[in-house]
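In what follows, a structure is listed as structure tokens, so that the remarks can point back to it.
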Amino acid sequence: MNNDEIVSDIISLIHSNTQSNYVICSKVSSKIFTYLSQLQFHENQWNELITAVEHFDENIDHPDLQEFQQLISTISNCSNDCEERNYTLGRDRNTLIDSIYHLRDLLKSHVDLHCFLLAKLIKQQDIRLHLIDLMNLTGMNVGNDIHGILCDIVYLLCQIDPTFTTTNVIDHPIVLNSIRIIQTNINQICSKGDNNTKSTVLSALNLLSKLLSTNEHFPVHTNSELVDHEFLKSIFELIENNHDDEELISASMKFLLSFNLRFDYPHENPIVQTLLSINDEISSRELIERLILLFNRSIDPTEHKTINSIIKFFADLLDDQSRTNDIVLSDANRRLIIEIISRELSNRSCTDESTTGYLSLLELLLRGQTITSDTCTRIDELQTTFRLLNFLFSLSSSSSMPELTTDEKPKSSEQIDLDEAENALTGKDYKTARELLEKLVKLEAKPDDEESTRIKETAILTLGKVFKETKDAKSLATLIKTTRPFLGLVSKAKAAKLVRTLVDLFLDMEAGTGEEVTLCQENIEWAKNENRTFLRQDLEARLVALYYDTKRYTEALTLGSQLLKELKKLDDKQLLVEVQLLESKTYFALSNTQKARAALTSARTTANGIYTPPKLQASLDLQSGILHAAEDKDFKTAFSYFYEAFEGYDQINNNKGVIALKYMLLSKVMMNLPDDVNALMSVKLALKYSGRDVEAMKAVAQASKKRSLADFQQALEDYRSELSEDPVIHSHLGTLYDNLLEQNLSRLLEPFSNVQIDHIARLINLPQDVVEKKLSQMILDKKLSGILDQGSSNIVIFDEPPTDTQYQDALVIIQNMSKVVDTLFSKTKKLS
């Protein structure tokens, strides 16, 4: 090589490693040559210099190690300060941004150069505590841009030290926060194309894909967010609406393919189920075309060692031919996939590990159509391949082709019974379903038999649904207790999901057996003994709700305060919001409105930093409306909150929608707008909620409109359970009754100047002592001008004294004079 080539290579090398411009690189190279020119080299000095560089990289006082420790210490301090300021960053923002940017650049350079110098340092306990503080920042109000960089940092740390992933990241709320970051920002990317938001979502997607590739089990809360229909739907929308953004689509597809590898059975796969259920709303064209393109190029984004993620995705999609319609996978796409498979089979040996995967996919594709020259242009090569495969397998010990994993595999008797039970449940034949499922639940599952374990798990869940539909609370409680030995045969995540689902089914029945609290406490004790922290906290939150429902308010507050302390440390924001909301409801039930307002404010502040499910958001809005109506009597603001709650509940078809609607109608009545009640009920959204609850509020509105106490009392009598048993409505109807009574008394007293109280009592059809007490109250409140004559049992009405308006008139004159003086002053300025 000549000198020009050497210099060009060195400058390019400096540029590629430092990303500096070429002017700086040339100056750096010039200084290096100047320094080297002063050295007298002997034969081995070059090797000695290389060894010296290696010694420098292995030095425990390496500058990068010191910088890393300093940066994470600074970030940890910012995180702790942020937590003390109620999760707000404040004056530390600039310090934090500088530190995390430097930390990301440092880690990225180490990963790019395959340098694992930091791996030993990351394993140290004190360093990991600082890194946990760093991850806690994703749950705080630090801004979208910082969230994205923090996800990048954790992603790089997982690459440097894989043990950090399994021991510290999987169970940390950063995973849950990453999911919520994606779901919160996807709409903004699709509508505005915001680059900062895009980079944040990209970072979160990359982190989730990395964690999914570990095959470690996520906590129950995290897993439920990952499989959520709305979340997966938003990922599909992201792919279809950003077809020009290669980086974003690649990250989204890698996430979907990595997540898809976690599901063994297509009918339990939420990705496939979501894709098939939304094909009428969202086109899947972009996703399918890109998958076929990757399949054609033999590129697997997940780089899985044993399974081709694209083949598995197509296989799961084609498992149920009746649902995989032409919109999802058209005939043209099927033919194209067959063409690619025929080419790959022709080019691969029969002993190739991937051959079985291609054959399995081909078998699924050919269920719906036959190979002809129209279907596959390489039909001759494909037929030759099949003949060769049959010949080779005939020579081997097995007499046929390898068994394909398809639905044509003979079903076991247990699977047949399970299918029959599910069909019976769908047809509402609960007796048959119960008999079949109870037989399956009693069977002993073998630890090494995945099929029997899966069947028993499904049977337990389905039997729980049967008990819920038939309102058999005692049998469901017994099922929860008897299935505990089986939980040791499945993974922790599946066991937690099973317990949580069964307890939810039991509590949703609202059977009022009196065993709800006991059952919940028993499951909490089991979770403690099994060291299931997340499940225990979730069940304790359910127990707080039960204490509230059974009016054991002191116990609810005691358990709630203990749970809040734990949740703030673990940073489980969604459960934290739920418990804070329950605390607000409990304080309100105890008539402590101030503490109820404070707890609700904390809940809404926490909810602002995370993705809040529609049901939880509706509950927050409902409680906000109740407090506004109770504390400030601000029914206009309360109505807007009730309307938001009503829309939220209606969106998810929750039964509490009718409660929000009742409170909306109550607000209109209390604002003295009873005519609006009928207008509200004529809206299409409210028509499906017609029933006794709505009829009760209509009757109250009609009585308010007529100012008729008799109609009002009749409504209370006819709809006692709908009105008097609801504490919120009952408290406000008391106020409404007082207003109606005052209005009626004022109307009756208008023609009189002196009248017997007994006569007024007969006219209004109420006891004399009640009328007399109310009249005295109105006089004291200055709502009525007059006196009560106790001797004659009369009320003397005075004429309203004329109001002296001199002061008001004087103020108006002064205001007008001020305007005149200002106008004259402005005109004189123009003249001068």
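Between Lys656 atom NZ and Asp650 atom CG the span is 15.5 Å, to the nearest 0.5 Å. Here the CD1 atom belonging to Ile153 is positioned 5.0 Å from the CD1 atom belonging to Ile75, to the nearest 0.5 angstrom. Of the inter-residue distances, the one linking Leu622 atom CG with Leu581 atom CG reads 9.0 Å to the nearest 0.5 angstrom. The distance from atom CG of Asn672 to atom OG of Ser704, rounded to the nearest 0.5 Å, is 5.5 Å. Rounding to the nearest 0.5 Å places OG of Ser178 at 4.5 Å from CG of Leu207. Here the CZ atom belonging to Phe588 is positioned 15.5 Å from the CD atom belonging to Glu583, to the nearest 0.5 angstrom.
Cation-pi geometry between Lys668 and Phe639 is met: under 6.0 angstrom from the ring centre, within 45 degrees of the axis.
Considering every non-hydrogen atom in both Phe259 and Leu226, the closest pair reads CE2-O, 3.5 Å. Annotation for Tyr548 and Thr586: closest pair CD1-OG1, 3.8 Å, computed over non-hydrogen atoms. Among all heavy-atom pairs drawn from Val175 and Ile170, the shortest one is CG2-O, 3.8 Å. The shortest non-hydrogen separation linking Leu502 to Gly464 is CD2-CA, 4.2 Å.
No donor-acceptor distance shorter than 3.5 angstrom exists from the side chain of Thr637 to the backbone of Asp634, with no hydrogens or angles considered. The backbone N or O of Ser224 sits nowhere less than 3.5 Å from a side-chain atom of Asp228 that would complete a donor-acceptor pair. A donor-acceptor distance shorter than 3.5 angstrom exists from the side chain of Ser234 to the backbone of Phe231, with no hydrogens or angles considered. No donor-acceptor distance shorter than 3.5 angstrom exists from the side chain of Thr612 to the backbone of Asn608, with no hydrogens or angles considered.
Residues Arg128 and Asp133 are not paired through a salt bridge, judged by the lack of any N-O separation under 4.0 Å between the basic side chain and the carboxylate. Remark: Asp504 engages Arg542 in a salt bridge, criterion side-chain N to carboxylate O under 4.0 Å. Contact check on Arg536 versus Glu540 returns a salt bridge, with a Lys/Arg side-chain nitrogen under 4.0 Å from an Asp/Glu carboxylate oxygen.
Residues His147 and Asn177 are not in side-chain contact: their nearest non-hydrogen atoms beyond the backbone lie 4.5 Å or more apart. Contact check for Phe642 versus Leu666: no side-chain heavy atoms found under the 4.5 Å cut-off. In this structure the side chain of Leu600 reaches within 4.5 angstrom of the side chain of Ser624, judged on heavy atoms. Side-chain contact between Lys698 and Val677 is present, with at least one heavy-atom pair separated by less than 4.5 Å. Residues Gln617 and Glu647 are not in side-chain contact: their nearest non-hydrogen atoms beyond the backbone lie 4.5 Å or more apart. Ile626 places none of its side-chain heavy atoms less than 4.5 Å from the side chain of Lys585.
A 6.0 Å sphere centred on NZ of Lys774 holds more than 12 heavy atoms belonging to other residues, nucleotides or ligands. By the neighbour-count criterion of 12 heavy atoms within 6.0 Å, atom NZ of Lys633 is densely surrounded, having more than that number from other residues, nucleotides or ligands. Few gaps surround CG on Asp781; more than 12 heavy atoms of other groups in view lie less than 6.0 Å from it.
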*Tell me, with the steps shown, if Leu205 and Leu238 meet side chain to side chain contact (heavy atoms under 4.5 Å, CB included).*
CA-CA 12 Å; Leu205 282 169; Leu238 184 67; 4.2 Å; yes
*asked:* Using the rule given for salt bridge (charged side-chain N to carboxylate O under 4.0 Å, His left out), can you reason through Arg604 versus Asp621, listing the C-alpha separation, both sets of side-chain angles and the distance that settles it, and then say yes or no?
replied: CA-CA 9 Å; Arg604 295 191 76 91; Asp621 290 332; 3.4 Å; yes
*asked:* Go through it in stages, so that I can follow the logic: the residues are Ile480 and Val499, the test is side chain to side chain contact (heavy atoms under 4.5 Å, CB included), and I'd like the CA-CA distance, side-chain angles, deciding distance and then a yes or no.
replied: CA-CA 7 Å; Ile480 294 171; Val499 172; 5.6 Å; no
_Let's go through Tyr649 and Ser619 carefully: what are the C-alpha distance in whole Å and the side-chain angles of both, what is the deciding distance for side chain to side chain contact (heavy atoms under 4.5 Å, CB included) to 0.1 Å, and is it a yes or a no?_
CA-CA 9 Å; Tyr649 285 130; Ser619 300; 3.1 Å; yes
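Side chain to side chain, Glu525 and Asn529 fail the donor-acceptor criterion of an N or O pair below 3.5 Å. If you check the side chains of Ser584 and Gln623, you find a donor sitting under 3.5 Å from an acceptor.
With sequence neighbours excluded, the residues that form a side-chain contact (heavy atoms from CB on, under 4.5 Å) with Arg552 are Val517, Tyr547, Thr550, Glu555. For Val544, the side-chain contact (heavy atoms from CB on, under 4.5 Å) partners at least two apart in sequence or on another chain are Ala556, Leu559, Leu582. Applying the side-chain contact (heavy atoms from CB on, under 4.5 Å) test to Glu578 and every residue at least two apart in sequence or in another chain returns Gln574, Leu575, Leu616.
A ring-centre distance under 6.0 Å is not found for Phe635 and His628.
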